[in-house]
Amino acid sequence: MAKESVKARQRKREAMVAKFAEKRAALKAAGDYQALDSLPKNASPVRLKNRCQLTGRPKGYIRYFGLSRVTFRDMALAGKIPGVKKASW
């Protein structure tokens, strides 16, 4: 499980990316790279990292569910994810 500070930093970045999204798009379309440079670094979507919504784990991320593989497996086996069951053949 990731530290709370790491998860909080990620949430802060997500909020900043959302806040400056329109402004970034307008500046990019206009080609005003000087103004783009003056925006905060964390306003860039490139700085976001895919992390598990529950644990904050950065590795083994399943994009469709927004969970890490470990959390996904635990929840799937417990029947907490609708439509997902363990395969057997």
Side-chain angles (χ1 to χ4, degrees):
M1 184 172 245
K3 290 173 21 177
E4 285 301 316
S5 60
V6 173
K7 292 195 276 186
R9 196 179 316 139
Q10 177 71 5
R11 286 192 299 269
K12 186 177 178 183
R13 282 188 186 127
E14 288 170 358
M16 193 165 288
V17 166
K19 179 180 175 183
F20 286 98
E22 283 185 37
K23 190 172 186 177
R24 280 185 68 81
L27 291 173
K28 276 185 116 170
D32 190 358
Y33 299 107
Q34 198 87 26
L36 260 177
D37 236 8
S38 67
L39 291 178
K41 283 184 179 180
N42 284 337
S44 173
V46 172
R47 292 177 66 98
L48 292 177
K49 175 80 176 144
N50 287 334
R51 289 185 173 272
C52 176
Q53 296 294 317
L54 299 178
T55 61
R57 181 183 167 92
K59 297 181 178 181
Y61 180 78
I62 302 173
R63 187 177 295 214
Y64 186 80
F65 295 99
L67 301 170
S68 70
R69 60 180 180 78
V70 178
T71 309
F72 174 77
R73 185 170 192 269
D74 289 343
M75 290 180 74
L77 290 176
K80 294 182 180 177
I81 303 176
V84 176
K85 63 181 179 179
K86 190 173 188 300
S88 61
W89 59 90

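Only heavy atoms go into these numbers, but all of them, side chains included; no hydrogens, no water, no symmetry mates.
A distance of 5.5 Å separates CD1 of Ile81 from CG of Leu67, quoted to the nearest 0.5 Å.
Sorted by first and then second residue, the salt bridge (Lys or Arg N to Asp or Glu O under 4.0 Å) pairs involving residues 62-85 (not counting sequence neighbours) form an empty list. Annotation: ring pair (Phe, Tyr, Trp, His ring centres under 6.0 Å) contacts involving residues 17-70, sequence neighbours excluded, comprise Phe65-Phe72.
Side-chain contact between Val17 and Lys19 is absent, with no heavy atoms from C-beta onward closer than 4.5 Å.
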**Prompt:** Please walk me through it: do Thr71 and Ile62 pass side chain to side chain contact (heavy atoms under 4.5 Å, CB included)?
**Reply:** CA-CA 10 Å; Thr71 309; Ile62 302 173; over 6 Å; no
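Hydrophobic clustering of Ile, Leu, Val, Met, Phe, Trp and Tyr side chains at less than 4.5 Å, counting indirect connections, keeps Met75 apart from Leu77. Residues Val6 and Met1 do not share a hydrophobic cluster, clusters being chains of Ile/Leu/Val/Met/Phe/Trp/Tyr side chains in contact below 4.5 Å.
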Please tabulate, for side-chain N and O atoms in residues 40-60, each donor-acceptor pair with protein atoms closer than 3.5 Å (sequence neighbours left out).
| unit_1 | atom_1 | unit_2 | atom_2 | d |
| --- | --- | --- | --- | --- |
| Asn42 | OD1 | Arg13 | NE | 3.2 |
| Asn42 | OD1 | Arg47 | NE | 2.8 |
| Asn42 | OD1 | Arg47 | NH2 | 3.2 |
| Ser44 | OG | Val46 | N | 3.4 |
| Arg51 | NH1 | Gly56 | O | 2.6 |
| Thr55 | OG1 | Arg57 | N | 3.4 |
| Arg57 | NE | Lys59 | O | 3.0 |

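Between Arg11 and Glu14 there is no salt bridge, since none of the side-chain N atoms of the basic residue sits less than 4.0 Å from a carboxylate O of the acidic one.
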